[in-house]
2 protein chains.
Amino acid sequence: METRQIRYFLKVAEMEHMTEAAISLHVAQSSVSRQISNLENELDVELFIREGRRVKLTPLGKIFYDRMKQAMNLMDDAKREVKEYMNPEKGTVRIAFPISMAAHTLPSIIYAFRTRYPEAQFEMSNALYPDLIKGVVNGEFNLAMIAPMPIKEHEKKITGTTLFTENIVALLPLHHPLANRTSILLRELKDDPFVVLPEGFIFRDQVVQACNVARFSPQVAFEGKDIDALKGLVSAGLGVALMPESTLVDNTPRSTVMIPLTDANLTRTVGVIYPTQRELLPTEQLFYNFLLEIYERLNEFKK
Amino acid sequence: METRQIRYFLKVAEMEHMTEAAISLHVAQSSVSRQISNLENELDVELFIREGRRVKLTPLGKIFYDRMKQAMNLMDDAKREVKEYMNPEKGTVRIAFPISMAAHTLPSIIYAFRTRYPEAQFEMSNALYPDLIKGVVNGEFNLAMIAPMPIKEHEKKITGTTLFTENIVALLPLHHPLANRTSILLRELKDDPFVVLPEGFIFRDQVVQACNVARFSPQVAFEGKDIDALKGLVSAGLGVALMPESTLVDNTPRSTVMIPLTDANLTRTVGVIYPTQRELLPTEQLFYNFLLEIYERLNEFKK
DNA sequence: ATGTATTCATGCAAAAAACGCATTGATTTC
DNA sequence: GAAATCAATGCGTTTTTTGCATGAATACAT
């Protein structure tokens with residue numbers, strides 16, 4: 001069982017297609033086919049079902065995939081750890097975050113971090129809420145920004161810290177009747193069309209729940225698959241939206257206005273998580289400490 | 001980073017000797033040397049210090065060793081899991097246990113298990129108390145019998161069940177003044193020479209502590225490095241010993257006599273542990289369930 | 001101190017493994 | 001039913017690994 005075989009296996013499993021996997025791996029299709037075959041021989045097990053011209057993982061193959069994914073992540077991390085050990089400030093931070101932080105929160109953190117450590121590298125990916133947690137648990141990445149902070153249920157496998165609490169605000173088109181107010185109550189929007197994220201996004205659920213607390217069900221007019229899409233929809237006058245305040249800092253779209261909500265508890269907690277079982281890589285540890293330090297000072301300042 | 005390199009690396013790290021590692025791996029020394037060198041080149045790091053004709057892990061090498069050990073255990077386990085998936089009853093149970101269970105407890109359990117699953121295989125190893133826990137955590141084995149059951153401190157990483165509670169009894173030479181009694185108090189042995197396990201064995205500490213509870217410090221005459229050695233020492237009349245009852249069942253040595261102790265709480269809990277983070281392999285799961293079932297019935301019967 | 005025995009690293013040829021190409025047979029698509 | 005796509009396989013080529021021989025450095029014994 002050589003890592004080359006495992007790498008080929010993982011790629012084929014993900015693509016469910018040998019030829020494409022071979023292209024993606026920059027080797028001939030025959031090589032991939034043969035290595036997979038060797039692997040199956042060694043394990044004495046069918047990992048793929050050849051149905052017609054497709055290959056799909058068998059149930060057993062899926063189990064094997066999960067295990068190998070984890071093992072390879074472990075090995076890759078170890079490699080990075082060893083390489084970064086001597087000078088962490090030149091290493092790489094691999095971090096994932098929800099789309100809502102892509103525009104402002106993350107960039108400003110990274111900017112600050114790179115001011116102190118100019119040679120640090122970043123690998124970023126965004127993911128939906130459950131995948132952030134899953135990714136941290138199975139080692140796809142070791143750090144994730146997340147909002148809201150997950151609760152007890154995952155406590156055994158992930159550890160984290162709340163960095164700050166931010167307000168949720170309303171974004172209205174400029175010609176909206178309430179656009180001139182300095183603040184509103186959420187319930188005042190009960191008859192407005194809402195633009196929200198699609199099902200599956202945690203922030204959509206938070207919006208709907210907030211409305212329910214304000215004793216109405218939001219009338220969903222449009223769905224946009226990221227925060228910027230929502231902004232566009234509001235900007236076009238197609239509805240109103242709720243957003244975390246940080247996504248609007250320095251970035252309120254044209255023809256819209258941001259209005260604070262005076263409802264109680266209309267906030268979300270933003271934090272960072274990492275796996276309990278594994279240690280952070282040197283550079284990531286540096287970044288994590290940096291995060292805590294920065295936000296501790298910032299929160300202190302707010303008081 | 002190929003698994004061949006990692007296997008060579010692990011062996012060299014353990015033996016601190018390339019030539020011996022090569023012999024143990026059934027390859028030429030030059031191959032091992034070359035692969036280690038390749039690995040170091042790829043990682044761009046010194047894994048070993050060449051001091052004279054020895055090789056020792058650098059501090060960084062130690063970190064890498066731990067990571068790789070874990071990764072390889074994961075891969076090996078995955079391989080076994082996949083192979084055993086189809087028919088668990090033909091698979092292998094890898095289990096570790098303290099020496100005190102080597103004579104009676106383990107063999108009788110295994111005998112019973114093999115009566116139901118005649119094709120099951122066993123790989124057994126014994127280890128000191130802390131290594132039992134360490135081994136389960138880092139994946140050297142997935143199951144360990146252990147006594148006493150460890151407490152909270154490791155709760156996050158290991159899970160386990162208490163199987164039964166057994167009495168601790170005294171083993172006396174046949175000509176001992178108390179040898180004809182049907183039971184004694186531990187304190188009656190306060191002036192006797194004791195034979196005990198060496199430092200580092202948990203059961204030694206238990207014995208000493210039990211004596212302290214009986215308000216005396218045992219006078220240690222001899223140390224034997226396993227239970228059978230202790231039995232021999234008692235049999236030769238060199239002292240008295242305390243032992244878990246199960247180690248004497250069907251096996252009281254010649255010229256000795258086993259006497260129950262009437263002190264309260266002179267018992268130890270015997271249990272089985274497995275890692276919280278990983279799932280048991282199919283055959284091991286079978287064995288674990290078997291254990292629970294057997295001892296539940298047995299404990300029921302005792303009442 | 002000097003010689004001898006070990007031990008790890010390296011050059012080089014042999015063996016083994018992986019690769020790419022071409023082709024086959026099976027299946028899907030139009 | 002023809003064309004296209006895909007995975008498997010035979011085969012010659014390339015790459016990698018191995019083993020042997022050797023060299024350099026160190027430890028040990030006398």
Side-chain angles (χ1 to χ4, degrees), chain A residues 1-62 64-65 68 71-72 75 79 82, chain B residues 1-62 64-65 68 71-72 75 79 82:
Chain A
M1 226 169 49
E2 291 299 314
T3 64
R4 182 192 287 95
Q5 296 176 323
I6 306 304
R7 282 196 305 275
Y8 290 8
F9 165 75
L10 292 179
K11 188 61 90 177
V12 172
E14 282 154 17
M15 298 197 149
E16 299 191 336
H17 200 294
M18 291 224 180
T19 306
E20 285 175 24
I23 292 168
S24 164
L25 290 163
H26 305 291
V27 291
Q29 169 264 324
S30 61
S31 278
V32 175
S33 180
R34 185 143 6 240
Q35 292 301 337
I36 297 289
S37 178
N38 289 351
L39 184 59
E40 287 182 320
N41 273 8
E42 182 183 344
L43 297 174
D44 198 21
V45 145
E46 298 259 294
L47 294 171
F48 292 100
I49 310 171
R50 278 73 170 171
E51 40 177 42
R53 57 212 222 190
R54 233 194 237 126
V55 285
K56 278 192 78 173
L57 283 175
T58 60
L60 190 52
K62 273 192 191 123
F64 190 68
Y65 175 85
M68 288 303 110
M72 290 302 279
M75 293 186 71
K79 186 170 170 178
V82 162
Chain B
M1 227 169 46
E2 291 299 315
T3 63
R4 182 193 286 98
Q5 297 176 321
I6 307 303
R7 281 196 307 274
Y8 290 7
F9 165 76
L10 293 179
K11 188 61 92 178
V12 172
E14 282 155 17
M15 299 198 151
E16 298 192 336
H17 202 294
M18 290 221 182
T19 306
E20 285 174 25
I23 293 168
S24 164
L25 290 163
H26 305 290
V27 291
Q29 169 266 325
S30 61
S31 275
V32 175
S33 181
R34 177 76 62 18
Q35 292 301 338
I36 297 289
S37 178
N38 289 350
L39 183 59
E40 287 181 322
N41 272 10
E42 181 182 344
L43 297 175
D44 198 20
V45 145
E46 297 261 294
L47 294 171
F48 292 100
I49 309 172
R50 278 73 169 171
E51 41 176 41
R53 57 212 223 191
R54 237 196 233 125
V55 284
K56 277 193 79 174
L57 284 174
T58 59
L60 189 52
K62 271 190 193 126
F64 190 68
Y65 175 84
M68 287 303 110
M72 291 302 279
M75 291 185 73
K79 186 170 170 178
V82 162

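Residue numbers begin at 1 in each chain, while the letters A, B, ... track the order of the sequences. As the structure is a computational prediction, the values presented were derived from the model and not from experiment.
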Undergrad: Does A:Ser30 contact C:dC21 through a side-chain donor or acceptor facing the base, at a distance under 3.5 Å?
TA: yes
Undergrad: Is B:Gln29 side chain donor-acceptor paired with the C:dA9 base, going by distance under 3.5 Å alone?
TA: yes
Undergrad: Atom CD of A:Glu42 to atom C1' of C:dA17: distance rounded to whole Å?
TA: 14 Å
Undergrad: Taking C-beta and beyond as the side chain, do B:Val12 and B:Val32 meet within less than 4.5 Å on heavy atoms?
TA: yes
Undergrad: Any base atoms under 4.0 Å from A:Arg4, or only sugar-phosphate, or nothing? Heavy atoms, all strands.
TA: sugar-phosphate
Undergrad: For B:Val45, which of B:Thr58, B:Leu60, B:Leu39 qualifies under side chain to side chain contact (heavy atoms under 4.5 Å, CB included)?
TA: B:Leu60
Undergrad: Rounded to the Å, how far apart are A:Leu47 CG and D:dA8 P?
TA: 12 Å
Undergrad: Check the phosphate of D:dT17 against B:Ser31, side-chain N and O only, distance under 4.0 Å to OP1 or OP2. Yes or no?
TA: no
Undergrad: A:Ile36 has an atom CD1; how far is it from atom P of D:dC6, in whole Å?
TA: 17 Å
Undergrad: Is there side-chain contact between A:Thr19 and A:His17, with heavy atoms separated by less than 4.5 Å?
TA: yes
Undergrad: Taking the side chain of B:Ser33 as its heavy atoms from C-beta onward, which of C:dA9, C:dC19, D:dG19 lies nearest to it?
TA: C:dA9
Undergrad: Whole Å only: how far is the CZ atom of B:Phe48 from the P atom of C:dT7?
TA: 16 Å
Undergrad: CG of B:Leu25 versus P of C:dC8: gap in Å, rounded?
TA: 13 Å
Undergrad: Is any side-chain heavy atom of B:Leu57 less than 4.5 Å from a side-chain heavy atom of B:Glu16?
TA: no
Undergrad: Just the rounded figure in Å: distance from C1' of D:dT18 to CD of B:Glu2.
TA: 16 Å
Undergrad: B:Leu39 CG to D:dT17 C1': how many Å, rounded?
TA: 15 Å
Undergrad: Just the rounded figure in Å: distance from C1' of D:dA7 to NZ of A:Lys56.
TA: 17 Å
Undergrad: Does OP1 or OP2 of C:dA9 have a side-chain N or O of B:Arg50 closer than 4.0 Å?
TA: yes
Undergrad: Which nucleotide wins on minimum distance to the side chain of B:Gln35, given the candidates D:dT17, C:dC8, D:dA7?
TA: D:dT17
Undergrad: Can you sort out which residues in residues 7-23 of chain B have a heavy atom within less than 4.0 Å of DNA chain C? Ascending by number, please.
TA: B:His17, B:Met18, B:Thr19
Undergrad: In terms of side-chain heavy atoms of B:Asn38, which of D:dA7, D:dT17, D:dG19 is nearest?
TA: D:dT17
Undergrad: How about A:Phe48 and A:Phe9: are their ring centres within less than 6.0 Å of each other?
TA: yes
Undergrad: What distance do B:Thr3 atom OG1 and A:Gln5 atom CD have between them, rounded to the nearest 0.5 Å?
TA: 8.0 Å
Undergrad: Is B:Tyr8 close to B:Val27 at the side-chain level, that is, under 4.5 Å between some pair of heavy atoms?
TA: yes
